[in-house]
Amino acid sequence: MDNVVKLVFEIAKIGKSNKTFPPIKEVKPFHHFFIDDRIDKLNELDGPWTRREIVARYLLLNAVLDQGPDVIGVRGLLKDVTNNLYKNEVRIFHRPLDFFKELNISIDNILLPHKSMKKYARKIGRKQIIPIPKDTICFSLNLKEGSYQ
């Protein structure tokens with residue numbers, strides 16, 4: 001048990017010295033939540049939900065998605081997909097069912113940037129002499145974090 005505790009503390013130290021944060025400020029539907037680089041008035045309503053609830057939904061999805069080797073790439077993909085969905089009036093954090101009501105738009109907005117990132121990942125993989133099959137999901141690659149962003 002002592003070894004487990006030591007391991008957890010060592011992992012925590014590494015995590016603390018290598019902090020990264022989701023790019024919430026770059027998510028266009030959240031721009032008006034910020035004043036001078038600080039998120040403001042979290043308890044204020046934004047539609048039927050508070051800003052706190054909307055940001056929590058984004059962060060929850062972010063936490064679920066960024067479990068792989070490329071946290072930075074996945075965060076960028078989530079940011080881009082979110083921005084594109086909102087641009088197309090698919091307001092997934094304000095009206096979650098919109099994702100399913102507009103499933104074709106939702107899927108297209110996920111697959112297009114993913115395809116582009118996969119193509120780039122294969123190019124990087126060749127430089128690193130890592131064979132990357134065409135059917136690989138780019139976020140399951142065993143590459144360094146952020147290496148194909």
Side-chain angles (χ1 to χ4, degrees), residues 8 11-149:
V8 169
I11 291 170
K13 274 192 229 174
I14 292 168
K16 187 175 183 178
S17 64
N18 294 290
K19 291 180 191 174
T20 62
F21 299 96
I24 297 173
K25 285 188 333 187
E26 297 171 31
V27 179
K28 290 179 182 159
F30 303 157
H31 280 182
H32 63 284
F33 293 7
F34 288 89
I35 293 179
D36 298 327
D37 292 337
R38 268 187 55 244
I39 200 159
D40 191 45
K41 299 179 183 173
L42 282 175
N43 293 323
E44 189 171 293
L45 287 176
D46 195 76
W49 312 104
T50 65
R51 291 176 174 185
R52 181 181 312 278
E53 290 168 306
I54 294 165
V55 170
R57 289 174 181 188
Y58 180 85
L59 292 174
L60 177 61
L61 180 57
N62 184 82
V64 169
L65 294 175
D66 75 2
Q67 300 300 311
D70 187 18
V71 172
I72 294 169
V74 171
R75 287 177 179 174
L77 180 67
L78 176 59
K79 174 195 63 151
D80 293 344
V81 168
T82 300
N83 287 339
N84 288 332
L85 287 173
Y86 271 77
K87 188 167 93 176
N88 287 299
E89 297 297 322
V90 181
R91 299 167 46 86
I92 60 172
F93 300 111
H94 290 79
R95 297 187 308 258
L97 291 178
D98 280 7
F99 181 87
F100 300 101
K101 288 178 182 173
E102 301 292 345
L103 197 55
N104 288 338
I105 293 172
S106 299
I107 290 172
D108 286 348
N109 277 281
I110 294 168
L111 292 180
L112 290 174
H114 185 264
K115 183 178 178 181
S116 171
M117 292 178 90
K118 262 177 60 172
K119 183 178 177 182
Y120 187 64
R122 280 197 300 276
K123 180 179 172 184
I124 296 297
R126 279 199 276 304
K127 287 181 182 176
Q128 295 179 4
I129 312 172
I130 299 171
I132 301 173
K134 287 188 176 193
D135 61 343
T136 299
I137 297 171
C138 72
F139 298 114
S140 67
L141 296 174
N142 192 18
L143 299 174
K144 285 185 176 180
E145 183 176 313
S147 63
Y148 56 87
Q149 186 181 16

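Heavy-atom basis, side chains included; hydrogens, waters and symmetry copies ignored. Throughout, residue positions are numbered sequentially from 1 according to the sequence presented.
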>> Is the shortest side-chain heavy-atom distance between Phe30 and Thr82 below 4.5 Å?
In response: no
> Do Ile24 and Leu59 come close enough that some side-chain heavy atom pair is under 4.5 Å?
Replying inline: yes
> Looking only at heavy atoms, which two atoms of Asn109 and Val81 are closest? And how far apart?
Replying inline: O-CG2, 3.1 Å
> Do you know which two heavy atoms are closest between Ser106 and Phe99, and how far apart they sit?
Replying inline: OG-O, 2.9 Å
> What pair of heavy atoms forms the shortest contact from Lys79 to Val27, and how long is it?
Replying inline: CG-CG2, 4.1 Å
>> Tell me whether the rings of Phe93 and Tyr86 are parallel (<30°), tilted (30 to 60°) or perpendicular (>60°).
In response: parallel
> Going from CG on Leu61 to CG on Leu65, what distance comes out if it is rounded to the nearest 0.5 angstrom?
Replying inline: 4.5 Å
> What is the minimum heavy-atom distance between His94 and Ile54, and which atoms define it?
Replying inline: NE2-CD1, 3.2 Å
>> Looking at every heavy atom in both Leu85 and Ile105, which two are closest together, and how far apart are they?
In response: CD2-O, 4.1 Å
> So how far is it from Lys28 NZ to Asp80 CG, rounded to the nearest 0.5 Å?
Replying inline: 8.5 Å
>> Could you go through Arg75 and Glu26, starting from their C-alpha distance and side-chain angles, then the distance that decides it, and tell me whether this counts as side-chain contact (heavy atoms from CB on, under 4.5 Å)?
In response: CA-CA 11 Å; Arg75 287 177 179 174; Glu26 297 171 31; over 6 Å; no
> Looking only at heavy atoms, which two atoms of Leu77 and Ile110 are closest? And how far apart?
Replying inline: CD1-O, 4.4 Å
> So how far is it from Ile92 CD1 to Leu97 CG, rounded to the nearest 0.5 Å?
Replying inline: 12.0 Å
> Looking at side-chain heavy atoms only, is the closest gap between Lys41 and Arg51 below 4.5 Å?
Replying inline: yes
